[in-house]
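Taking it in order: structure first as structure tokens, then the write-up.
Just so it is clear: chains get the letters A, B, ... in the order the sequence lines come, proteins before strands, and each one is counted from 1.
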Amino acid sequence: MKLFLTIQRDVLKRPLISQVVLETGVLINVERAHIDANEGWVLIDLPEKEETRISSRLTELGVEVKKLENAVLYDEHECVECGACLSICPQEVFSFDADYHLVIKEERCVLCGQCVCACPHQALSIRQ
Amino acid sequence: MTKSIEEINLKIRDGSAVVVTAEEMPDIVSELGEEGALREVDVVTTGTFGAMCSSGAFLNFGHADPPIRMERIWLNNVEAYAGIAAVDAYIGATQESTTEGSTYGGAHVLEDLVSGKQIELRAISKGTDCYPRRTITTELLLEDLNQAVMVNPRNAYQCYNAVINRSDRTLNTYMGMLLSNQGNISYSGAGLLSPLANDPHFNLIGSGVPLFLGGGEGVIVGEGTQSSPSNGFGTVMVSGDLNSMSPDYLRAASFTGYGVSLYVGLGIPLPMLNVEAVRNCAVRDEDLITSIVDYGTPRRDRPVVRTVSYAELKSGQVEIDGEMVRTSSMSSYSRARKVAHELKSLVEAGSFMVALPTRRIDTGKRSHPMRETRQTPRIREIMNAGVTTITEDESVKTAARKLLRGETNHLPVIDAEGKLVGIITTYDVSKSVLLKGESMKVSEIMSKKVVVVSPDEPVDVAAQRLEQYNISALPVVDSDHHVIGILNAVDLGKLFSKRWQP
Ligand code: SF4
Ligand code: SF4
């Protein structure tokens, strides 16, 4: 599962994620990160069962933790099931079932945003 | 054995016609043989649902009071061609809005009309004795129009090239987003369901043949523009009443960085008259071969990377140079199926007849490129050959002097053999002087990644490249990477403004 971490400037300088990994022994995968002058955010992936432990520890350390759910917003009325998004997504979120209907495995999404511009029917957006 | 069109229509009328889709046909032919399938099947329905840029509609608005001869017309701020008498216009699918750019266009106007939405018409005129009015603004629904006739000059391509991008930059094209370094493959077309793939010699498809168009019943006008059946790229011109259509089968699209297009659902019922018709409809995705071309080359004749079957394209990945590359379809296969099935139900229900062409389409035709009487200028003709360069070991101070003397803002940096290794600008020099004084060497401050052009490229390529990289000059290098000139954005700008003067 994925957690979206928002980190304030004053906390940013500390090696938080490494600290949590060392303390808990849980292997965390950093999928994306963005840091600017005032704030930073990091998208991490971790085993489902470790969520509470990691979340509470990160919160203690001053990180705002949000579960990443419904990351890809999908408008089924706009979608025509062309498949333009299939090869664009680095995480293979999109695929076709045997009947060429679109299947979305949104838990894989890393919020790169690439599919949003690739969809010719403006059927995809990313939750802010 | 042969069947006549009258026989088949009689069966359709009394509800006993056997109708199958082009997807079901190959297996039927394998099982029953061609003769057996001919006895069994009366009509094969085809279908495709994809971006068909070459689409649009003629609209008649009726006369206003006082009357106006509308010379320029905008529908929801999308200009429609009005040079046809006083109260008609042709709205083309790819025309973009004057206010919303490529997010709204002619295709959206068509979809809005078909969806029952109100659109705004604005028009202007110079005013004449018989048509005194000069401007008009009004709101209209599809039902307010006297006629709304879709006429698509070029639809239902028999075959379409698949595309890949071997350049090092993501490209935004009408075939969608093409990732750099052959990151993906994009293709279009429904393969074995495609109408023209099931009648490659145009025996059954031609002028006057009824078809399913955008959810309604239309008719094939005849040969499509750019049609080139002799090399497998045939097209048809089609027409239908917008009032009979539905947004399920007519969808506006907007391709990032490219523009607007219209997705059209289109299907043609093919009467099984003889063994040849049956054989043609037995085509499978494995038999339909197209080329994968490299869109990284911005020219008309693009290199073919390899040929590929629709079966491979639909599988989701194709091997290129030993690597599996993922594919994306631009057209919708599930919707193409829906078209073929819908058409099948219509024929089965006796509400869709078949017909033979009243006029055959010339299958020997091959479309040729545009005759150009004036070659686009090449870089060589407009570059500045008296380019000042500097070597990597020289000092920043020398660079500053050269920049001042040469009245230029860019200095290509060369190595001992005269090959291009970097570039420095007035900005780089000023910055380094401010930060570190004049003591540095050129090689320490130059940008090593230089965007270049070659002397034989058309100037338009240079213009596109300057814009993409947001830079103002391009060193011109020969095949050995020697700097032979420089091209400035200012010179290019002058050339383009001259070229476009009416
Ligand atoms: S690209 Fe857009 S319209 Fe096409 S299948 Fe994906 S979400 Fe649907
Ligand atoms: S945002 Fe990126 S990772 Fe998420 S679905 Fe779109 S392309 Fe895939």
Side-chain angles (χ1 to χ4, degrees), chain A residues 2 29-34 36-37 43 45 70-128, chain B residues 23 49-51 102-104 107-108 111 115 164 170 172-179 182-188 190 193 247-265 313-318 324-338:
Chain A
K2 297 195 202 310
N29 189 18
V30 176
E31 295 196 315
R32 285 191 72 208
H34 175 86
D36 65 22
L43 183 67
D45 191 49
N70 308 323
V72 200
L73 298 181
Y74 166 69
D75 184 341
E76 61 175 339
H77 298 290
E78 288 301 331
C79 175
V80 300
E81 300 186 309
C82 57
C85 48
L86 263 66
S87 71
I88 288 298
C89 171
Q91 294 291 104
E92 305 194 20
V93 166
F94 308 97
S95 57
F96 278 141
D97 67 13
D99 289 322
Y100 291 89
H101 293 307
L102 192 67
V103 179
I104 304 183
K105 298 197 181 98
E106 59 177 314
E107 65 282 2
R108 296 182 175 179
C109 173
V110 293
L111 304 177
C112 74
Q114 195 133 265
C115 59
V116 178
C117 358
C119 170
H121 294 270
Q122 288 69 52
L124 300 170
S125 48
I126 294 294
R127 191 181 291 273
Q128 286 310 313
Chain B
E23 206 177 6
F49 186 98
S102 61
T103 60
Y104 191 93
H108 297 83
E111 186 187 327
S115 309
I164 196 166
T170 297
N172 291 307
T173 72
Y174 67 92
M175 288 294 284
M177 190 188 270
L178 303 177
L179 304 174
Q182 49 194 47
N184 65 339
I185 292 168
S186 176
Y187 70 98
S188 189
L193 264 180
D248 284 348
Y249 298 101
L250 213 59
R251 281 302 185 79
S254 164
F255 289 88
T256 305
Y258 173 72
V260 175
S261 185
L262 184 68
Y263 274 58
V264 180
L313 289 169
K314 281 187 189 168
S315 78
Q317 41 185 359
V318 169
M324 294 313 279
V325 179
R326 283 196 290 155
T327 62
S328 262
S329 164
M330 284 298 115
S331 50
S332 168
Y333 195 68
S334 73
R335 294 293 170 104
R337 260 188 185 163
K338 208 170 136 186

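Cation-pi geometry between K338(B) and F49(B) is not satisfied (NZ or CZ under 6.0 Å from the ring centre, within 45° of the ring normal).
No side-chain heavy atom of Y174(B) sits under 4.5 Å from any side-chain heavy atom of M330(B).
No part of Y187(B) comes within reach of chain A, as not one of its non-hydrogen atoms sits under 4.5 angstrom from that chain. Both the backbone and the side chain of E81(A) come within less than 4.5 Å of a heavy atom in chain B. Neither the backbone nor the side chain of Y258(B) comes within contact range of chain A; no heavy atoms are under 4.5 Å apart. Residue A252(B) touches chain A through its backbone alone, counting heavy-atom pairs closer than 4.5 Å. Only the backbone of I185(B) comes within contact range of chain A, with heavy atoms under 4.5 Å apart. Both the backbone and the side chain of S254(B) come within contact range of chain A, each with at least one heavy atom under 4.5 Å from a heavy atom of that chain. Contact annotation for S329(B): both backbone and side-chain heavy atoms come within less than 4.5 Å of a heavy atom of chain A.
In terms of the ring pair (Phe, Tyr, Trp, His ring centres under 6.0 Å) criterion, F94(A) has no residue partners (sequence neighbours excluded).
Proximity of a side-chain donor or acceptor of N184(B) to a complementary backbone N or O of M177(B) within less than 3.5 Å is detected. Between the side chain of S102(B) and the backbone N or O of G259(B), no donor-acceptor pair lies under 3.5 Å.
Listed options C119(A), A118(A), S95(A), C117(A) were ranked by heavy-atom pairs under 4.5 angstrom with chain B; first place goes to C117(A). Listed options G176(B), A336(B), A51(B), S331(B) were ranked by heavy-atom pairs under 4.5 angstrom with chain A; first place goes to S331(B).
In plain terms, the two heavy atoms of R335(B) and C79(A) that are nearest each other are NH2-O, 3.4 Å.
Distance check: R251(B) CZ to L262(B) CG gives 10.5 Å after rounding to the nearest 0.5 Å.
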